[in-house]
Amino acid sequence: MLSGYVKNRNLSAARLLFDEMPQRDVVSWNTLLSGYAQNGYVDEAKEIFDFMPNKNSISWNGILAAFIQNGRFESARQLFETKSDWDIVSWNSMMAGYVRKKRLVDAKRLFERMPERDIVSWNTMISGYAQNGEMLEAHKLFEESPTQDVFTWTAMVSGYVQSGMLTEARRIFDKMPEINAVSWNTIIAGYTQCKRMDLARELFEAMPCQNISSWNTMITGYAQNGEITCARNLFDKMPQRDSISWAAIIAGYSQSGNSEEALCIFIEMMRDGENMNRSVFTCTLSTCADIAALELGKQVHGRLVKAGYEMGCFVGNALLKMYCKCGSIEESYDVFEGMPGKDLVTWNTMIIGYAKHGFGKEALRVFESMQVKGIQPDDVTMVGVLSACSHSGLVDIGTEYFQTMGQEYGITAKPQHYTCMIDLLGRAGCLEEARALMRNMPFEPDAATWGALLGASRMHGNTKLGEEAAEKIFEMEPDNSGMYVLLSNLYADLGRWSDVKKMRMFMRDKGVQKVPGYSWIEVQNKIHTFSVGDSVHPEKDRIYALLEYLDQRLKKEGYISATKMVLHDVEEEEKEHMLKYHSEKIAVAYGILTIPAGRPIRVIKNLRVCEDCHNAIKYISKIVGRLIILRDSTRFHHFNCGSCSCGDYW
DNA sequence: CTAGGGTTAG
């Protein structure tokens with residue numbers, strides 16, 4: 001009876017029954033203990049353990065495993081030191097705990113200290129080395145071990161797979177005296193990871209014992225090799241699915257840029273009644289982040305809270321990113337503060353989030369408190385810190401960090417750091433310094449680096465440098481239409497219309513396709529997308545009427561539509577006309593009409609916001625008294641009371 | 001207690 005409740009994870013019923021039992025033997029205590037332990041209730045498990053009148057080795061194993069599996073490794077270690085007559089299962093658990101922490105030296109010490117070793121002890125040690133790329137050590141132990149079973153062999157195969165040594169992995173696999181589904185799945189995953197889907201498929205078809213994991217391996221493999229249609233075929237065909245299958249296909253669609261389909265599948269999954277696991281939460285939240293589906297994201301957040309997941313690492317980080325990328329930086333900070341187990345990704349996400357919103361000071365504050373907490377920053381952190389400085393115009397501080405990060409944190413500057421610095425110096429008008437830094441950097445500049453210089457040249461009207469940068473970029477990335485647009489805008493700024501025209505012809509000759517600009521906004525759970533001069537939206541009359549009205553008000557406020565700033569993507573005669581109808585403006589207008597007063601209007605654009613719209617939206621925020629948050633392809637703009645969080649500096 | 005499938009920052 002008690003074990004039935006525990007098996008069904010009905011722990012409150014189990015507890016009630018347990019409390020009413022007239023007599024409890026050690027088995028009943030252990031049953032409840034393991035029930036708590038396996039469902040993450042470590043404190044309850046510990047309480048039961050402490051109250052037990054007598055304990056056997058199963059009880060000791062239970063509490064030790066509870067600590068190890070729920071991330072309380074320090075408690076496990078201390079408990080382990082309190083007595084010496086552990087049974088072999090506990091020794092093995094403890095060793096596995098060290099292995100999971102990648103503390104192989106400690107694991108090995110335990111392995112040598114233990115009174116007797118069984119095959120699990122050997123396997124744990126072998127797989128520990130194998131998983132950490134120490135194949136020589138793994139191989140040595142493999143040879144030394146008295147017997148080998150299917151675990152031992154599979155651990156070796158897995159190790160070679162992880163190290164990318166597929167030929168060796170296959171050699172071992174072919175020698176195995178006994179093969180099970182896990183061994184097959186291991187080698188198949190190896191082939192998918194080195195993009196050999198043909199060989200993976202061959203083995204998948206050949207294996208006699210396919211299980212759900214085999215299908216999941218193949219689905220992930222196809223998805224990650226850009227063959228989402230094949231992935232979908234398998235997903236539709238598979239005899240049974242689990243939550244990992246759903247996570248794999250959702251992530252597949254999301255990563256191949258089809259966020260809408262990913263979210264449709266997520267909704268289908270909920271209708272199907274499938275349980276949600278951490279991966280499903282993680283990749284769904286990440287998809288919401290990509291298309292800034294804040295309403296849906298919040299609903300997923302709600303389900304997450306209901307499901308009672310701890311905000312640990314993966315899920316919490318995805319949630320944090322969702323709020324950041326949906327432009328809801330305050331909520332992001334709430335999530336951040338409430339996360340008990342922050343890891344490096346958590347800190348980096350928050351810093352980068354603030355940086356992209358133009359809140360440089362806040363980003364630096366988080367960076368400071370990260371160091372107070374004793375977390376070592378890595379290269380990604382520094383990209384965030386430098387771009388925070390760059391987006392907020394903090395030249396001196398940024399330069400200081402860049403110069404000291406080597407000795408201070410042991411981080412060698414990568415191309416991205418140089419790009420940040422060139423961006424930082426360039427924006428601040430120090431074009432010569434930026435160019436000099438570029439000459440002195442220990443890498444060949446890539447297109448992104450030249451792009452930063454081109455952007456800065458445009459901002460400060462330096463044609464010579466701009467042309468030089470543009471030329472390099474056209475060589476490296478002839479299809480990068482954004483850069484043609486930048487250079488063409490530089491000419492337009494200076495009124496060099498013949499050069500603008502030349503650029504346009506150049507692009508036509510080269511067959512460069514401009515990426516069409518569009519913007520979208522989420523209203524009542526539905527995404528509304530607008531393109532330039534949109535005329536398909538059912539509410540278009542109201543939208544254009546509002547735009548007309550705003551236009552009149554803008555003129556009264558002293559705003560002059562600056563045709564000199566115009567546009568890359570239109571012919572001259574269309575200029576004045578097109579200004580009104582830029583997608584970001586239309587989306588903002590629609591937001592003003594539909595989003596209740598007092599709530600921010602959040603718009604997303606796939607390209608960089610155009611300068612004229614940026615100006616206009618500043619005024620609009622003042623006229624209508626609304627907070628407008630615009631995410632463009634590089635950062636966020638918070639428009640409020642006539643000014644923008646980017647300080648007109650983006 | 002040991003082996004496989006998924007998910008987070010730029």
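Convention: sequence-line order gives letters A, B, ...; per-chain numbering from 1. No hydrogens, no waters, no symmetry mates; every other heavy atom, side chains included, goes into these values. None of these values were measured; they are calculated from a predicted model.
Rounded to whole Å, the distance from CG on A/Asp378 to P on B/dT8 is 17 Å. Rounding to whole angstrom units, NZ of residue A/Lys325 and P of B/dA9 are separated by 8 Å. The interatomic distance linking A/Gln210 (CD) with B/dG4 (C1') rounds to 14 Å, in whole Å. At whole-Å resolution of the value, CD in A/Gln416 and C1' in B/dA9 are 12 Å apart. Following rounding to the nearest Å, A/Met382 (CE) and B/dG10 (P) show an atom-to-atom distance of 16 Å. Atom CG of A/Leu285 is separated from atom P of B/dA9 by 11 Å (rounded to the nearest Å).
With hydrogens and angles ignored, no donor-acceptor pair under 3.5 angstrom links the side chain of A/Thr186 to the base of B/dG4.
Using a 4.0 Å cut-off on heavy atoms, the residues of residues 176-183 of chain A that approach DNA chain B are A/Asn180, A/Val182, listed by number. The stretch residues 214-224 of chain A touches DNA chain B through A/Asn216, A/Thr217, A/Thr220, A/Gln224, each having a heavy atom within less than 4.0 Å of the strand. Using a 4.0 Å cutoff on non-hydrogen atoms, the parts of residues 134-168 of chain A near DNA chain B are A/Phe151, A/Thr154, A/Ser158, ordered by number. Scanning residues 244-270 of chain A for heavy-atom distances under 4.0 Å to DNA chain B yields A/Ile244, A/Ala251, A/Gln255.
Nucleic acid contact class of A/Ser93 (heavy atoms, under 4.0 Å, all strands): sugar-phosphate only. Contacts of A/Asp87 with the nucleic acid, taken as non-hydrogen atoms under 4.0 Å apart, are absent. At a threshold of 4.0 angstrom between heavy atoms, the contacts of A/Ile212 include nucleobase atoms, whether or not backbone atoms are also involved.
The minimum heavy-atom distance between A/Ser59 and A/Phe49, with the atom names listed, is O-CE1, 3.7 Å. Closest approach of A/Ser243 and A/Asn277 over heavy atoms only: OG-ND2, 3.1 Å. The shortest non-hydrogen separation linking A/Thr192 to A/Thr217 is CG2-O, 4.2 Å.
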Counting only pairs under 3.5 Å, give me each side-chain donor-acceptor contact of residues 132-139 of chain A, with atom names and distances, residues two or more places apart or in other chains.
{"from": "A/Asn132", "atom 1": "OD1", "to": "A/Lys102", "atom 2": "NZ", "distance (Å)": "3.4"}
{"from": "A/Asn132", "atom 1": "ND2", "to": "A/Gly128", "atom 2": "O", "distance (Å)": "2.8"}
{"from": "A/His139", "atom 1": "NE2", "to": "A/Glu143", "atom 2": "OE2", "distance (Å)": "3.4"}

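In this structure, A/Phe336 has its ring center under 6.0 Å from that of A/Trp347. Aromatic rings from A/Trp246 and A/Phe266 are positioned such that their centres are separated by 6.0 Å or more. The six-membered or imidazole ring of A/Trp153 lies away from that of A/Phe173, with a centre-to-centre distance of 6.0 Å or more.
Among B/dC1, B/dT8, B/dG4, the nucleotide with an atom closest to any side-chain atom of A/Asn185 is B/dG4. Minimum atom distance to the side chain of A/Asn348 is reached by B/dA9, of the listed B/dA9, B/dT2, B/dG4. With B/dC1, B/dG5, B/dG10 as the choices, the nucleotide that has an atom nearest any side-chain atom of A/Val89 turns out to be B/dC1. Here the side chain of A/Asn317 is nearest to one of B/dG10, B/dT8, B/dG5, namely B/dT8.
In terms of phosphate contacts, A/Lys321 brings no side-chain nitrogen or oxygen within less than 4.0 Å of OP1 or OP2 of B/dT8.
For the atom pair SG of A/Cys283 and CZ of A/Phe314, the computed distance is 12.0 Å after rounding to the nearest 0.5 Å.
Judged as a salt bridge (Lys or Arg N to Asp or Glu O under 4.0 Å), the pairs with a partner in residues 193-219 of chain A (not counting sequence neighbours) are, in order, A/Arg196-A/Asp198, A/Arg201-A/Glu205.
Checking each of A/Phe67, A/Tyr98, A/Phe80 against A/Phe73 for a ring pair (Phe, Tyr, Trp, His ring centres under 6.0 Å) leaves exactly one that passes, namely A/Tyr98. When each of A/Thr152, A/Thr154, A/Asn92 is tested with A/Asn123 by the rule side-chain hydrogen bond (donor to acceptor under 3.5 Å, both in side chains), just one qualifies, namely A/Thr152. Screening A/Tyr323, A/Phe636, A/Tyr333 for a ring pair (Phe, Tyr, Trp, His ring centres under 6.0 Å) with A/His357, the sole residue that qualifies is A/Phe636.
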List the steps, then state whether side-chain contact (heavy atoms from CB on, under 4.5 Å) holds for A/His391 with A/Phe359.
CA-CA 8 Å; A/His391 285 305; A/Phe359 298 155; over 6 Å; no
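Using a 4.5 Å cut-off on side-chain heavy atoms (C-beta onward), A/Leu199 and A/Leu166 make no contact.
The cationic atom of A/Arg117 (NZ for Lys, CZ for Arg) lies less than 6.0 Å from the six-membered ring centre of A/Phe111 and within 45° of the ring axis.
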